[in-house]
Amino acid sequence: VLRADGTAVEANAAFAAFARLGTGVADRSWEHVLPEASKLALRAALTERCDFRLQLEVAPDAGDTGVFEWAGRWRHEQQHYVCLLHDITAASQVQAAAQSQAVLFRLLADNVPVLIAYYRASDLKCQFANKAYARSFGRDEESIVGLTFAEVIGEEAARRIDAQVQKVTGEHV
């Protein structure tokens with residue numbers, strides 16, 4: 001439980017252990033778990049006196065960091081926030097690794113001398129295209145995503161190869 005100025009009114013045993021606090025929490029000593037950028041973001045949210053949800057980095061020990069989702073519910077009558085913290089460190093790491101792999105794949109795909117595109121079989125909408133593919137149809141790799149095969153290559157060309165597309169997608173006529 002936090003006041004709008006960040007003063008802790010109360011903390012459960014799990015948070016007190018995490019932040020290495022004593023049992024009688026009634027101060028701001030818990031803030032040592034936040035790097036400066038996270039402190040500033042949390043303080044800004046607290047001054048609004050309305051519900052909030054933030055992802056903040058925490059560093060309870062030197063070199064030991066994590067990411068927590070902080071949700072606060074403003075209680076006007078009591079003039080404080082009831083906060084819930086959820087450790088999303090593992091999910092954030094997985095997301096960062098996936099983004100890193102996507103960047104690596106994009107780098108590779110954009111630098112090979114072939115046209116690469118991926119269309120979803122269910123509706124033939126482009127999900128991915130490398131630069132070479134997109135440019136060959138007068139587009140860039142962002143604007144081509146979401147377009148149907150026919151929108152990219154043209155209605156006439158799409159009609160001409162419809163039988164082959166149906167074979168590949170498993171929609172035999």
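When a residue number appears, it is its place in the shown sequence, counting from 1. What you are looking at is a predicted structure, and each value in this text was computed from that prediction instead of being measured.
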Short side-chain to backbone donor-acceptor contact, [X] and [Y], under 3.5 Å:
| X | Y | answer |
| --- | --- | --- |
| T169 | V165 | yes |
| S38 | E57 | yes |
| W30 | F15 | no |

Contacts of [X] that satisfy side-chain hydrogen bond (donor to acceptor under 3.5 Å, both in side chains) - sequence neighbours left out:
| X | answer |
| --- | --- |
| Q95 | none |
| T47 | none |
| R160 | E156 |

Where [X] and [Y] come nearest, the two heavy atoms and their spacing:
| X | Y | value |
| --- | --- | --- |
| A41 | L56 | CB-CD2, 3.8 Å |
| C126 | I144 | CB-O, 3.5 Å |
| Y119 | L147 | CE2-O, 4.0 Å |
| A8 | L2 | CA-CD2, 3.7 Å |
| S136 | Y133 | OG-O, 2.6 Å |

**Study point:** ILVMFWY clustering at 4.5 Å (side-chain atoms), partners of V67
**Key:**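 Joined to V67, directly or through intermediates: I88.
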Point to revise | Nonpolar side-chain network containing I116, other nodes, edges under 4.5 Å | key: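 ILVMFWY cluster around I116 also holds F105, L108, V112, V114, Y118, F128.
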My understanding is that only residues two or more places apart in sequence, or in another chain, count here; which of them pass side-chain contact (heavy atoms from CB on, under 4.5 Å) with [X]?
| X | value |
| --- | --- |
| E48 | C50 |
| A158 | A150, I153 |
| L84 | none |
| V1 | V9, E10, H80 |

Does anything in [range] form a salt bridge (charged side-chain N to carboxylate O under 4.0 Å, His left out)? List the pairs, not counting sequence neighbours.
| range | value |
| --- | --- |
| residues 95-116 | R106-D110 |
| residues 123-151 | R120-D123 |
| residues 71-80 | D51-R73 |

Roughly how far apart are [X] [atom1] and [Y] [atom2], rounded to 0.5 Å?
| X | Y | atom1 | atom2 | value |
| --- | --- | --- | --- | --- |
| C83 | W74 | SG | CH2 | 10.5 Å |
| N130 | L107 | CG | CG | 12.0 Å |
| L42 | F68 | CG | CZ | 13.5 Å |

Under a single-linkage definition using a 4.5 Å side-chain heavy-atom cutoff for Ile, Leu, Val, Met, Phe, Trp and Tyr, are [X] and [Y] assigned to the same hydrophobic cluster?
| X | Y | value |
| --- | --- | --- |
| L54 | L85 | yes |
| V152 | L115 | yes |
| V82 | L46 | no |

Review point. Given V58 and W70, is the side chain to side chain contact (heavy atoms under 4.5 Å, CB included) satisfied, shown in steps?
Key: CA-CA 11 Å; V58 297; W70 295 57; 4.1 Å; yes
Practice item. Apply side chain to side chain contact (heavy atoms under 4.5 Å, CB included) to the pair V168 and Q164, showing each step before the final yes or no. Key: CA-CA 6 Å; V168 170; Q164 290 85 357; 5.6 Å; no
Review point. Can you tell if the side chain of Q79 reaches within under 4.5 Å of the side chain of R49, non-hydrogen atoms only?
Key: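 Result yes, sub-4.5 Å side-chain heavy-atom pair found.
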Review point. If we only count heavy atoms from C-beta on, is the E31 to R43 side-chain gap below 4.5 Å?
Key: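 Yes - at least one pair of side-chain heavy atoms lies under 4.5 Å apart.
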